[in-house]
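The next block holds one structure in the form of structure tokens; read it before the comments.
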Amino acid sequence: MKLELGRIYVNSIRFGDKTAMAGGVLTVCASDLEKLILEDEHIKAVRIELAAPGEKTRITPVKDVIEPRVKAEGPGGEFPGMIAKVDIVGSGRTHVLSGAAVVTCGRIVGFQEGIIDMSGPGADYTPFSKTNNIVLVIEPQEGLSQYEYEAAARNAGFKAAAYLGEAGREAKPDIVEVYETKPLFEGAAEMANLPKVGYVYMLQTQGLLHDTYVYGVDGKKIVPTILYPTEVMDGAIVSGNCVSACDKNTTYHHQNNPIIHDLFDRHGKELNFVGVIITNENVFLADKERSSNWTAKLCAFLGLDAVIISQEGFGNPDTDLIMNCKKIEAQGIKTVIVTDEYAGRDGLSQSLADADPAADAVVTGGNANQIIVLPPMDKIIGMPDYTDKIAGGFAGSLRPDGSIEAEIQVITGATNEIGFNRMTAREY
Amino acid sequence: MKDKIITNNPLVQSKPPSGAELIFVDGGLEDVLTRARDLVHQGHALLTHPLSGSVKPGETVYKTIIMSRGDALDTGSLELIESAIAAAKKLRRGGRAFSDSILKDLQLVDYTLIFGKYNL
């Protein structure tokens, strides 16, 4: 399966009469976009705002971040099973509005986090301070349940990203990247001397506000299965996860998974990147046993020599992570796990809630309990009552001058567990 | 022998799923974990993970755990509950006051992680 990603660089975004992409500028017709979002009867109102890198702007509480894209050639559409038909994606050509991001905001539950600062010290901890953001602040109809609100906000983000992506359909990409995975035996024959490497991609699937969807299927209802890496790159996996801002994978993270990207970089040179095994992180221990048995079985079935395993979240998923690691290692397959840490504010406590001697190669995204002071901003985009709630005592505290003292876990993507951030710890 | 639901969540108490015995703990999240650990020592096994949810100890006050009866000490359950208690102590935060609406949201998330939309 071969995918061409045509990147069209977006240097700035402005409002205008017609949505269009030209000369590095994305023009957004706010009224057309608003009309599209309000087609959903669950949504009472939507405010559309722009946030650019370097501005003294804070966006909160962030639900999801999505990269605008369009399927320019080939089968399928954006976000299959969610807003497009369930055709297999991952081939043909997709045009990407690179440098733009749709950010959805909505206070679905009272304790939600998710801060993106466009400048200041907090900006260093989130990749979305570097993107030009189209922010949708989504107000639900009165009496809407938390599930319905989450689903409405989730779909609004996908629709907006697909709508904006259309502006890039006919544009000439600044760069075209090509990614290809050959059928299993063909790839193995071509790269007979290279180690066969797979990626076990753990998806957050515990329940309400902790969900991930694969071709529209709720991830907690799947058994582990195999995807071509380009299917993931092309929108097959999307986020319905609203909590744990620092280490949740937004849809943007799934679209741009750096583990997949970097394995492709080495594909055919240092290794044979065979494919992606997706698995879930359920609450029932029997589900964990079944899923980790299956990931280990699939790794052996594919004849892999080595596997990278990434997790999403903390606590409950640590158990899935260690089960996957132990059982795959027991098949004689080397593993590297990618995680983050909750090592206490002083960084001295045990980092994970589970451990095993087999987990002897670990990449960390940082300590989520680390304290940061976020200075006041000139503009707050989001829910006006939200910052009062954060003062009530979730992971942060609002000071009278508008600054926030908080653990970095309140920042979207701060300790991301697929490595889509700049923090790590190294030991030689 | 019925499965046991150990919880301090009033929503679980008010809408309990049928077929299981409800043990309501009038206390905090750590009290639920401690009660679960005591039951592990009495031969019960964990069916759900004690650190369910991304809303961590110190950030929520509610916890629901389902356990079954075993015929011997389940060492896997013991390791899991001990590490959960250690994590809860590590992430302990003092002096948090939650409003009624936030408490209701926290109850709902805890309930749905274990039971889905079962009885809501």
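Order of the sequence lines sets the chain letters (A, B, ...), proteins ahead of strands, with each chain counted from 1. Everything numeric in this text was worked out from a predicted model, so none of it was measured.
Only the side chain of A:Gln204 comes within less than 4.5 Å of a heavy atom in chain B; its backbone stays farther off. Heavy atoms of A:Lys248 lying under 4.5 Å from chain B are absent altogether. Proximity to chain B (any heavy atom under 4.5 Å) is restricted, for A:Ser351, to the backbone atoms N, CA, C and O. Using a 4.5 Å cut-off between heavy atoms, A:Asp247 makes no contact with chain B at all.
For the atom pair NE2 of A:His210 and OG of B:Ser52, the computed distance is 8.0 Å after rounding to the nearest 0.5 Å. In this structure, B:Lys104 NZ and A:Gln146 CD are separated by 11.0 Å, a value rounded to the nearest 0.5 Å. Interatomic distance, B:Ile114 CD1 to A:Gln206 CD, rounded to the nearest 0.5 Å: 8.5 Å.
B:Lys90 places a side-chain N or O within 3.5 Å of a backbone atom of A:Gln350 that can act as its donor or acceptor partner.
Within a 6.0 Å sphere centred on CG of A:Asp346, heavy atoms belonging to other residues, nucleotides or ligands number more than 12.
Residues of residues 77-86 of chain B lying within less than 4.5 angstrom of chain A, judged on heavy atoms, are B:Leu80, B:Ser83 in numerical order.
Side-chain contact check for A:Val283 versus B:Phe115: every heavy-atom pair is 4.5 Å or farther apart. Between B:Val109 and A:Leu209 the shortest side-chain heavy-atom distance falls below 4.5 Å. Under the 4.5 Å side-chain criterion, counting only non-hydrogen atoms from C-beta, A:Leu208 is not in contact with B:Leu113.
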Open item on the list: Evaluate A:Leu285 against B:Leu46 for side chain to side chain contact (heavy atoms under 4.5 Å, CB included), listing each step before the verdict.
Closed with: CA-CA 8 Å; A:Leu285 298 173; B:Leu46 293 169; 3.6 Å; yes
Pair up each side-chain donor or acceptor in residues 34-41 of chain B with any protein partner under 3.5 Å, not counting sequence neighbours, and list the distances.
unit_1  : atom_1 : unit_2  : atom_2 : d
B:Thr34 : OG1    : B:Glu30 : O      : 2.7

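Contact count against chain B (heavy-atom pairs under 4.5 Å) is highest for A:Thr319 among A:Asn241, A:Thr319, A:Leu352.
B:Leu91 and A:Tyr342 get closest at one heavy-atom pair: CD2-CB, 4.3 Å. The two residues A:Phe284 and B:Thr48 make their nearest non-hydrogen contact at CE2-CG2, 3.4 Å. Minimum heavy-atom separation, B:Leu51 to A:Ala353: CD1-CB, 3.6 Å.
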